[in-house]
A.B. asks: 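Got a structure here, written out as structure tokens. Questions coming.
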2 protein chains.
Amino acid sequence: MYFYKKIRMSGKTTIYDIAKKLNITAATVSRALNNNTKISEATRKLVMETASQMNYKQNKLALALKSGKSNNIGVIVPRIDSNFFATVIRGIEEELHPHGYHVIICQTRDDKNLEIENIDALLNAQVDGILMSISNVSNEQNESFNRILKKNVPLIFFDRKANIDGVSTVTINDFQGAYDATTHLIAQGCKRIAHLSNNRLIEIFRDRYLGYKQAIIDSGLEFDESIVIETISKVEEGRKITKKLLELDNPPDAIFSSSDFTALGAIQEINAQGFKIPQDICVAGFANEPFTKFMELSITSVDQSPLEMGRMAANVFLEQVGGNNGNIKIEKKVVLNPKLLIRESSSKFQLQKII
Amino acid sequence: MYFYKKIRMSGKTTIYDIAKKLNITAATVSRALNNNTKISEATRKLVMETASQMNYKQNKLALALKSGKSNNIGVIVPRIDSNFFATVIRGIEEELHPHGYHVIICQTRDDKNLEIENIDALLNAQVDGILMSISNVSNEQNESFNRILKKNVPLIFFDRKANIDGVSTVTINDFQGAYDATTHLIAQGCKRIAHLSNNRLIEIFRDRYLGYKQAIIDSGLEFDESIVIETISKVEEGRKITKKLLELDNPPDAIFSSSDFTALGAIQEINAQGFKIPQDICVAGFANEPFTKFMELSITSVDQSPLEMGRMAANVFLEQVGGNNGNIKIEKKVVLNPKLLIRESSSKFQLQKII
DNA sequence: TACTTTCGTGTAATCGATTACATAGAAATT
DNA sequence: AATTTCTATGTAATCGATTACACGAAAGTA
């Protein structure tokens, strides 16, 4: 008795309630609500009106179970409180919202186990697709990826990808971005360009390193592996490493960093040691973090179009489910072009003009 | 035939499949898997083993429909690509993940209709709770909020709240934060402090304004409404307004901004006009955006503990569903203390010491 | 031995929708 | 008038789980 009251009070009206009230069956109600098969105009109207009177709302969970489509997609990122990933997610959400999809977010915090756990949880929740940026590279996840594919759930990698057959990817051309940035530094007259790298088992960092290297080689400068240093994306780390670089007998006259944060650290240390930027040393970063353009000495960086990346990833997903005739696998590789944003930290010539 | 094959190939094993294989019923399988009622140790083991052999994964959708618990919660924010909201969401996700909840994110882009649409969509998706920061203040949404409450779905506001009976909120003490910042500026010797405000129909901005005002009054300084200017949170707007302020016959010697972005604009304009910060003019912002500490001239700001806010909001939700005996409504009002972070843009004394 | 518990499983309803198939009555055709 | 076709609706299965209730067999008690 109490239970009944509670149910009614929580305001759940089902098609059965409507059916009972109108002395028809739930099937008819369902059909009327869906403008589906031929239903007499009279009952359709009646059902529609009664439904809105009774404040009926379709239970998407029931629909999802029946149809096998949850209308949820999962997005897995290392962390959400990073400008880059947050913006990608914004792009995904904005693109998918009009199609009725909801975005479930998961963070891995670069933890391999959490990544696997999240994938499993999303699959159990019957998501219609998974869009992710991988955390690490190991073979343990491959099993998870295969589990996704075996279930015919579209899987799309963005930014940090694993190379797996049948999986679409949306990335930027990191090689080109690094190549452009390094070439720009060379054009400024820099002859000894150090590189603050990052874990090169991750493809994006390896590509940035390779782009940097190729630009040096193509320009005829000497490539010196000893001023390529692998670190993590923290301001403090950038400072520490730059300190060491400046202590060398033959210190660099430019720094190309694979992260804006280490670039900022470099700038802080260079300033602290009394060198002038960009006159003595030029600096360029990567990612176009918001702060790079806000600094009094704005920082040259490579824009990754995260919004565009999110939108593209969402579109690739939509294509995949749209033309889905069962077994047709669409494997799409989208590569966005990075944009080099030349700012004060590397603009010797413009600065001279201004002066 | 083909259909059957497809189903099998997509790897969905149900408890019925396990039951068939073992010549028992699905009920027994379900009980065995849940360690529920008394099941013979033999069959339990057998079921468990067969389940893992057949790669069985519980369909959470079916469970959700049956139990009425989707294990999804909805988070609605104006935008996700803002450091503040992204960090709050991180806090929510990290707190809820261990409890098996998934976070669905929705953006309103400050659009009232989108807010209503998102609420309805989340309710239809049968979320177990809604955590949100409201976009605007109008009475149209109140209907939506009531719809949530009528369904007994926990609703929790964070940061930007509406004042509704029975709804828990997690906010910071914006009044105090503004009061502290203003008091600090006064302690630096500033006598004429302008305030860059924002839409004061939104409570947080009204409170910041009131805190600022109270600090001025309490200190015995003259409160001048004409140097309180309402604007939007953009660097460019901050610049424009500051330009006008500096053109006054009686320009301010400090600016307290309700946003770090307008504070940055103010700093840019002050620098452009050749004034010195903090010697001539002190500046303080609000929100502790990452860039405020990265600037060469770091910006004094008020930290809002977004991570903590997200965690608290999640915990309030958990409490609400935890002790949920049906009709017991817990209305909790959590107010976090803001932290004033004094940095270079307002540190006259420390700077003098350094010099 | 006869009767009562207890234990392990099976039966079937339920959550809230959709939909293939069946069917009654009206309309159209011959 | 008899037959066929349409139309609108009902019946019942289904999606994949959980669970109240029923029941036979084994175990315990007198």
Side-chain angles (χ1 to χ4, degrees), chain A residues 3-4 6-8 10-48 51 54-71 100 123-126 128 151, chain B residues 3-4 6-8 10-48 51 54-71 100 123-126 128 151:
Chain A
F3 186 66
Y4 176 75
K6 188 184 157 201
I7 290 292
R8 306 304 306 162
S10 58
K12 307 246 187 195
T13 307
T14 71
I15 52 173
Y16 294 95
D17 298 324
I18 300 176
K20 204 175 291 173
K21 185 158 195 172
L22 297 180
N23 245 332
I24 54 180
T25 60
T28 306
V29 175
S30 171
R31 283 187 281 245
L33 291 170
N34 289 301
N35 294 353
N36 232 355
T37 333
K38 300 284 162 65
I39 278 277
S40 79
E41 195 52 33
T43 41
R44 161 178 297 141
K45 265 198 181 161
L46 192 61
V47 168
M48 289 294 202
M54 298 178 75
N55 199 27
Y56 168 76
K57 290 287 157 57
Q58 192 190 43
N59 184 326
K60 298 285 181 189
L61 233 43
L63 178 60
L65 177 60
K66 186 66 173 68
S67 69
K69 275 200 59 183
S70 67
N71 276 292
L123 288 178
N124 294 169
Q126 313 293 122
D128 295 339
K151 292 208 177 193
Chain B
F3 185 67
Y4 177 74
K6 187 183 159 201
I7 290 291
R8 306 306 305 164
S10 58
K12 307 248 188 196
T13 306
T14 70
I15 53 172
Y16 294 94
D17 297 325
I18 299 175
K20 205 174 292 173
K21 184 158 196 173
L22 296 181
N23 245 332
I24 55 179
T25 60
T28 305
V29 175
S30 171
R31 283 187 280 245
L33 291 171
N34 289 302
N35 295 353
N36 233 355
T37 333
K38 302 283 163 64
I39 278 277
S40 78
E41 196 51 34
T43 40
R44 160 177 296 141
K45 266 199 181 161
L46 192 60
V47 168
M48 290 294 204
M54 297 177 76
N55 199 28
Y56 168 77
K57 290 288 156 55
Q58 192 190 42
N59 184 328
K60 297 286 182 190
L61 233 42
L63 179 60
L65 176 60
K66 186 65 173 64
S67 69
K69 276 200 58 184
S70 67
N71 277 292
L123 287 178
N124 294 169
Q126 313 293 121
D128 296 339
K151 293 209 177 193

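Since the model is a prediction, treat every value here as computed from it, not as a measurement. Below, chains carry the letters A, B, ... as their sequence lines are ordered, and counting in each starts from 1.
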A.B. asks: What verdict does the side-chain contact (heavy atoms from CB on, under 4.5 Å) test give for B:Asp17 and B:Met54, after you've listed the backbone C-alpha separation in whole Å, the side-chain angles of each residue and the deciding distance to 0.1 Å?
C.D. replies: CA-CA 9 Å; B:Asp17 297 325; B:Met54 297 177 76; 3.9 Å; yes
A.B. asks: Can you check whether A:Asn59 has a side-chain N or O nearer than 4.0 Å to OP1 or OP2 of C:dC15?
C.D. replies: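 No, A:Asn59 has no side-chain N/O under 4.0 Å of OP1/OP2 on C:dC15.
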A.B. asks: When we call it a touch if two heavy atoms are under 4.0 Å apart, what does B:Lys69 touch: a base, just sugar-phosphate, or nothing?
C.D. replies: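 Answer is nothing: B:Lys69 stays at 4.0 Å or more from every strand.
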A.B. asks: Would you indicate what A:Ile24 reaches in the nucleic acid, counting non-hydrogen atoms under 4.0 angstrom: base, sugar-phosphate, or nothing?
C.D. replies: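 Counting heavy atoms under 4.0 Å across all strands, the contact made by A:Ile24 is with sugar-phosphate only.
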A.B. asks: In this structure, how many angstroms lie between the P atom of C:dG8 and the CG atom of B:Leu22, rounded?
C.D. replies: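 Atom-to-atom, B:Leu22 to C:dG8, this comes out as 17 Å.
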A.B. asks: Whether A:Ser40 contacts D:dT9 is assessed here as follows: a side-chain N or O lying under 4.0 Å from the phosphate OP1 or OP2. Is that the case?
C.D. replies: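 Looking at the OP1 and OP2 atoms of D:dT9, one of them is under 4.0 Å from a side-chain N or O of A:Ser40.
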A.B. asks: Separation of A:Ile15 atom CD1 from D:dT9 atom C1', in whole Å?
C.D. replies: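 In whole Å, D:dT9 C1' lies 14 Å from A:Ile15 CD1.
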A.B. asks: On a plain distance test, is the side chain of B:Arg44 in donor-acceptor contact with the base of C:dG8 below 3.5 Å?
C.D. replies: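 When only heavy-atom distances are counted, B:Arg44 does not reach the base of C:dG8 through any donor-acceptor pair under 3.5 Å.
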A.B. asks: In whole Å, what is the span from the CG atom of A:Leu63 to the C1' atom of D:dG16?
C.D. replies: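 In whole Å, D:dG16 C1' lies 15 Å from A:Leu63 CG.
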A.B. asks: So, does B:Ser30 get its side chain near the phosphate of D:dA17, meaning an N or O under 4.0 Å from OP1 or OP2?
C.D. replies: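 Indeed not, no polar side-chain atom of B:Ser30 lies that close.
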A.B. asks: Would you please confirm or rule out a distance under 4.0 Å between OP1 or OP2 of D:dA17 and any side-chain N or O of B:Tyr56?
C.D. replies: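 Yes, within the criterion.
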A.B. asks: Return the nearest nucleotide to the side chain of B:Thr14; candidates are D:dT18, D:dG16, D:dT9.
C.D. replies: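 Output: D:dG16.
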A.B. asks: So, is A:Gln126 near the phosphate of D:dC15, with a side-chain N or O under 4.0 Å from OP1 or OP2?
C.D. replies: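 So the side chain of A:Gln126 is outside the cut-off, no N or O lying under 4.0 Å from OP1 or OP2 of D:dC15.
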A.B. asks: Whole-Å distance between C:dG16 C1' and A:Asp17 CG?
C.D. replies: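 Answer to the nearest Å: 10 Å.
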A.B. asks: Inspect the surroundings of NZ in A:Lys21 and state if more than 12 heavy atoms from other residues, nucleotides or ligands are less than 6.0 Å away.
C.D. replies: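 Open: at most 12 neighbouring heavy atoms sit under 6.0 Å from NZ of A:Lys21.
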A.B. asks: In this structure, how many angstroms lie between the P atom of C:dT18 and the CG atom of A:Asn71, rounded?
C.D. replies: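 In whole Å, C:dT18 P lies 13 Å from A:Asn71 CG.
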A.B. asks: Tell me the interatomic distance from A:Lys151, atom NZ, to D:dG16, atom P, rounded to whole angstroms.
C.D. replies: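 So the NZ-P distance, A:Lys151 to D:dG16, works out to 11 Å.
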A.B. asks: Check A:Leu61 against B:Ala64 and note the closest heavy-atom contact, atom names and distance.
C.D. replies: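 Looking at all heavy atoms of both residues, the shortest contact is CD2-CB, 3.5 Å.
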A.B. asks: Could you say whether B:Tyr16 or B:Leu65 is positioned toward the 5' end of DNA chain C, judged by the nucleotide with the nearest heavy atom to each?
C.D. replies: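 Taking each residue's closest nucleotide, the earlier one in sequence belongs to B:Tyr16.
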A.B. asks: Hey, which sits more toward the 5' end of DNA chain D by its nearest nucleotide, A:Ala27 or A:Glu41?
C.D. replies: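 Its nucleotide being nearer the 5' end, the pick is A:Glu41.
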A.B. asks: What's the closest nucleotide to the B:Arg31 side chain, out of D:dT11, D:dC21, C:dA12?
C.D. replies: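 Of the options given, the side chain of B:Arg31 lies nearest D:dC21.
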A.B. asks: It should be established whether A:Thr43 places a side-chain nitrogen or oxygen under 4.0 Å from OP1 or OP2 of nucleotide D:dT9.
C.D. replies: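 It does, given that an N or O in the side chain of A:Thr43 lies less than 4.0 Å from OP1 or OP2 of D:dT9.
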A.B. asks: Could you report the tightest heavy-atom contact between B:Thr13 and B:Ile18, atom names first, then the distance?
C.D. replies: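 That would be CG2-CG1, 4.2 Å.
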A.B. asks: Which of these passes side-chain contact (heavy atoms from CB on, under 4.5 Å) with B:Ser30: B:Thr28, B:Leu33, B:Asn34?
C.D. replies: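 Looking at B:Thr28, B:Leu33, B:Asn34, the match for B:Ser30 under the side-chain contact (heavy atoms from CB on, under 4.5 Å) is B:Asn34.
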A.B. asks: Rounded to whole angstroms, how far apart are CG on B:Leu33 and P on C:dG8?
C.D. replies: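 Distance, rounded to whole Å: 17 Å.
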A.B. asks: So which nucleotide from C:dC15, D:dA17, C:dG10 ends up closest to the side chain of B:Ala62?
C.D. replies: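 When the side chain of B:Ala62 is considered, D:dA17 is the closest of C:dC15, D:dA17, C:dG10.
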A.B. asks: Looking at every non-hydrogen atom in both residues, tell me the closest pair between A:Met48 and A:Ala32 and how far apart they are.
C.D. replies: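 Heavy atoms of A:Met48 and A:Ala32 come nearest at CE-O, 3.7 Å.
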A.B. asks: Would you say B:Thr28 places a side-chain N or O within less than 4.0 Å of OP1 or OP2 belonging to C:dT9?
C.D. replies: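 Looking at the OP1 and OP2 atoms of C:dT9, neither is under 4.0 Å from any side-chain N or O of B:Thr28.
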A.B. asks: Whole-Å distance between D:dA8 C1' and A:Ile39 CD1?
C.D. replies: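 Rounded to the whole Å, the gap is 7 Å.
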